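Remarks on the structure that follows.
This is a predicted model, so every value here is computed, not measured. Atoms considered below: every heavy atom in the structure, side chains included; atoms not considered: hydrogens, waters and symmetry mates. Proteins get letters first, then strands, A, B, ... in listed order; numbering begins at 1 in each.
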Number of protein chains: 2
Amino acid sequence: MTRRVTIADIAAAAGVSKGAVSYALNGRPGVSETTRTKILAIAAEMGFVPNRAARSLSVSSAQAVGIALRRSARTLGIEPYFMELISGIEATLSAGSFGLTLQIVDTVDVELEVYRRWWAERRVDGVLLCDVGTDDRRLDFVADLGLPAVAVGGPVEGARLPAVWHDDAEPCREILEYLHALGHRRVARVAGFEHLLHTAIRDRSYADTAAGLELEAMETFHSDYTGEQGARITRRILSSAKRPTAIIFDNDVMAVAGLGVAHELGIRVPDELSIVAWDDSPLCRLTHPALTSLTRDITAYGSQCAEVLLSVIGAAPSPIDERAFSVQFRPAQLSPRGSTGPARP
Amino acid sequence: MTRRVTIADIAAAAGVSKGAVSYALNGRPGVSETTRTKILAIAAEMGFVPNRAARSLSVSSAQAVGIALRRSARTLGIEPYFMELISGIEATLSAGSFGLTLQIVDTVDVELEVYRRWWAERRVDGVLLCDVGTDDRRLDFVADLGLPAVAVGGPVEGARLPAVWHDDAEPCREILEYLHALGHRRVARVAGFEHLLHTAIRDRSYADTAAGLELEAMETFHSDYTGEQGARITRRILSSAKRPTAIIFDNDVMAVAGLGVAHELGIRVPDELSIVAWDDSPLCRLTHPALTSLTRDITAYGSQCAEVLLSVIGAAPSPIDERAFSVQFRPAQLSPRGSTGPARP
DNA sequence: CTGAAAGCGCTTACAG
DNA sequence: CTGAAAGCGCTTACAG
């Protein structure tokens with residue numbers, strides 16, 4: 001283990017000043033081509049890697065982006081969504097040689113405190129806000145702080161920061177029209193947290209579409225995305241006198257749990273019950289029958305979010321138009337599989 | 001958004017030197033109690049938070065730990081294991097006000113390169129090595145680099161770095177004896193990557209135990225942990241002439257997929273087939289029947305790993321004995337559920 | 001095009 | 001107990 005090599009070492013070896021080394025390394029004017037080439041060769045040979053802290057201190061930028069996730073370990077673990085999202089985010093960040101700092105928090109208050117500290121410490125240059133709510137304190141908080149941020153979800157009305165989102169309303173219409181075409185007239189829905197923005201958007205879209213299609217019943221039950229609650233609610237739904245012929249679940253985990261409950265009650269899928277899942281993860285193809293689901297490229301979505309954040313921070317290769325405060329990502333696509341079929345009255 | 005407050009501001013306000021402020025803030029001798037109290041009050045009032053980069057540059061420590069995950073986004077997303085592990089790691093780190101830097105890599109070579117860069121940049125003070133292999137280049141690599149590291153898995157023979165691991169052999173015996181007691185004589189196993197250390201340990205333990213119990217058949221198939229492969233292999237196993245009456249899966253995802261295949265083939269679980277899963281995640285309780293599985297507290301395991309790493313780095317509250325190079329974590333417990341039952345010949 | 005110097009915001013020996 | 005100063009390893013105006 002040899003001592004770290006610094007620009008001072010390179011300067012000494014090349015017989016130039018530290019300033020010249022810095023200019024050469026960063027591809028800035030101020031050194032002749034021959035000097036630059038020579039310096040670069042020496043730096044490479046000595047295996048030079050700039051010290052982050054020193055660089056950060058000089059340019060007052062952390063070269064890192066933060067994410068605080070406010071979900072329990074159990075939810076985080078089982079929902080494929082987050083790891084896919086993080087994976088996409090990470091790909092973009094590391095391409096721009098930005099680091100990703102992750103913290104898991106319990107409450108909004110802790111989350112806000114984390115943002116305050118990160119920004120005060122300059123540990124991050126910006127943050128990504130996940131799980132955007134209908135009335136989200138975090139948006140104004142980070143804006144007031146001056147902390148660059150991007151909302152992973154939307155659209156956010158009157159937002160002071162950019163949002164990257166999918167149109168959730170359209171896929172909801174598509175699902176309901178599809179089920180209607182299959183003859184389903186009594187549909188139930190197991191939704192996610194009521195306070196989340198995309199839940200509210202879906203709530204409205206289903207209600208509007210159901211009204212237009214003149215469905216007999218379209219009932220929504222809110223839950224916490226866990227399999228436990230998904231199973232419990234499904235059990236209740238399927239035990240009712242006039243049970244629905246189709247259930248739509250707001251995530252894959254609850255849909256898998258719902259399918260388990262149908263098996264448990266001896267209700268055949270899709271003959272007696274059709275099931276649709278949001279968020280097509282490999283999970284949806286593990287079951288028998290495989291689950292009809294709404295496919296989104298969450299990894300690509302994560303990458304897009306990170307790109308917008310880098311552009312806000314001012315580190316993106318091609319800065320996105322400043323007025324592009326609301327970036328719409330391609331909507332989810334319905335992938336019909338074995339869990340949906342014609343309604344049998 | 002006000003300007004950041006620095007120790008210079010506090011020094012000016014308190015009428016002392018920057019050095020005195022630093023001593024006061026860090027609880028070190030060099031200032032009188034009255035001065036210290038006064039300085040702390042002013043710092044709190046001004047909302048002082050030390051700049052990370054400056055601190056890191058001075059003490060040459062990043063106050064951060066790194067994890068490079070070499071798994072595809074899809075595997076990472078669906079396996080609850082990683083998020084639970086990370087969640088546990090994170091809890092310990094943030095308690096010690098250490099950050100977590102995450103990077104997802106494609107190949108070992110990229111992974112090694114990430115470690116080299118992180119350490120050269122002093123972006124991290126140490127790393128956690130996941131997915132320890134039977135012949136793992138990374139162990140010597142980080143040791144040569146002088147980069148503090150802890151292996152998340154083991155035991156590692158002749159290791160130059162600490163390892164935190166569970167005894168995998170004992171639970172394997174327990175499963176097999178349990179199945180044997182239920183009357184199973186033909187057992188198959190869908191294992192994980194062959195090159196992983198814990199896979200090798202389980203391979204040996206199953207083989208030894210099977211020999212002792214004089215099972216009729218104990219066959220192992222290696223896979224990549226995905227549901228796709230789990231399903232494919234299960235299909236093949238269940239299509240053989242003398243199919244086994246029990247299958248053990250090395251992770252939860254493959255077990256769920258295997259259960260799906262059994263449904264697909266009209267094989268009743270547990271009447272005609274018993275299924276056991278390693279790694280009890282909520283996933284195992286979503287299915288019908290629920291899966292008998294090996295429960296480990298992965299979050300606690302992650303915390304333990306982080307603690308050992310912090311102690312290696314020298315930042316832990318109570319440093320772990322230096323000779324404690326191999327820390328054994330409590331072994332997995334068998335949780336019998338609906339997916340296992342007596343063998344019916 | 002190049003060099004010497006100041007500065008980023010901390011920590012830490014070293015004198016008084 | 002306290003202050004003035006040097007240093008961590010970079011970047012960046014500012015003179016030559």
What N/O pairs connect the protein and nucleotides 12-16 of chain D at under 3.5 Å? Give each pair on its own line.
residue, atom, partner, partner atom, Å
D/dT12, OP2, A/Arg28, NH1, 2.4
D/dA13, N7, A/Tyr23, OH, 3.2
D/dA13, N6, A/Tyr23, OH, 2.8

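Side-chain nitrogen and oxygen atoms of B/Ser32 include at least one within less than 4.0 Å of the OP1 or OP2 phosphate oxygen of D/dT2. Here B/Arg55 reaches the OP1 or OP2 of C/dT11: one of its side-chain N or O atoms lies under 4.0 Å away.
Residues meeting the side chain to side chain contact (heavy atoms under 4.5 Å, CB included) test with B/Arg137, sequence neighbours left out: B/Val108, B/Asp109, B/Leu112. For B/Thr34, the side chain to side chain contact (heavy atoms under 4.5 Å, CB included) test picks out B/Ser32, with sequence neighbours left out. Take A/Arg28 and apply the side chain to side chain donor-acceptor pair (under 3.5 Å) test, not counting sequence neighbours, and it matches no residue. Applying the salt bridge (Lys or Arg N to Asp or Glu O under 4.0 Å) criterion to B/Arg70, with sequence neighbours excluded, gives B/Glu111. For A/Glu45, the salt bridge (Lys or Arg N to Asp or Glu O under 4.0 Å) criterion is met by no residue, not counting sequence neighbours. Residues meeting the side chain to side chain contact (heavy atoms under 4.5 Å, CB included) test with A/Ala41, sequence neighbours left out: none. For A/Asp140, the side chain to side chain donor-acceptor pair (under 3.5 Å) criterion is met by A/Arg160, not counting sequence neighbours. In this view, B/Ser87 and A/Ala73, A/Ile104, B/Thr299 satisfy the side chain to side chain contact (heavy atoms under 4.5 Å, CB included) rule, not counting sequence neighbours.
When the P atom of D/dG9 is taken as reference, atom CD1 of A/Ile10 falls 13 Å away, rounded to whole Å. The CD atom of A/Glu33 sits 15 Å away from the C1' atom of C/dT2 (whole-angstrom rounding). Rounded to an integer number of Å, the gap from CZ of A/Arg123 to C1' of C/dG9 is 16 Å. B/Arg52 places its CZ atom 20 Å from the P atom of D/dC10, with the value rounded to the nearest Å. The CZ-P distance, from A/Arg122 to C/dC8, rounds to 14 Å in whole Å. A/Asn51 places its CG atom 14 Å from the C1' atom of C/dG9, with the value rounded to the nearest Å. Between the CG atom of B/Leu57 and the P atom of D/dG7 there is a distance of 14 Å, rounded to whole Å.
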Identify each donor-acceptor pair in which a side-chain atom of residues 19-27 of chain B lies under 3.5 Å from a protein atom, sequence neighbours left out, and give them as a table.
residue, atom, partner, partner atom, Å
B/Ser22, OG, B/Asn26, ND2, 3.4
B/Asn26, ND2, B/Ser22, O, 3.0

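Among the nucleotides D/dG3, D/dT11, C/dC10, the one closest to the side chain of B/Ala54 is C/dC10. Distance from the side chain of A/Ile7 is smallest to D/dT11 among D/dT11, C/dT2, D/dG3.
Near DNA chain D, defined here as any heavy-atom distance below 4.0 Å, the residues from residues 34-43 of chain B are B/Thr35, listed numerically.
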Toss me the dot-bracket line for DNA chain D: Watson-Crick and G-U wobble, both under 3.5 Å, 5' to 3', using | for pairs to another strand and [ ] for crossers.
|||.||||||||.|||

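Not one N or O on the side chain of A/Arg55 forms a donor-acceptor pair closer than 3.5 Å with the backbone of A/Arg52.
Using a 3.5 Å distance cut-off with no hydrogens or angles, the side chains of B/Trp118 and B/Thr101 do not pair a donor with an acceptor.
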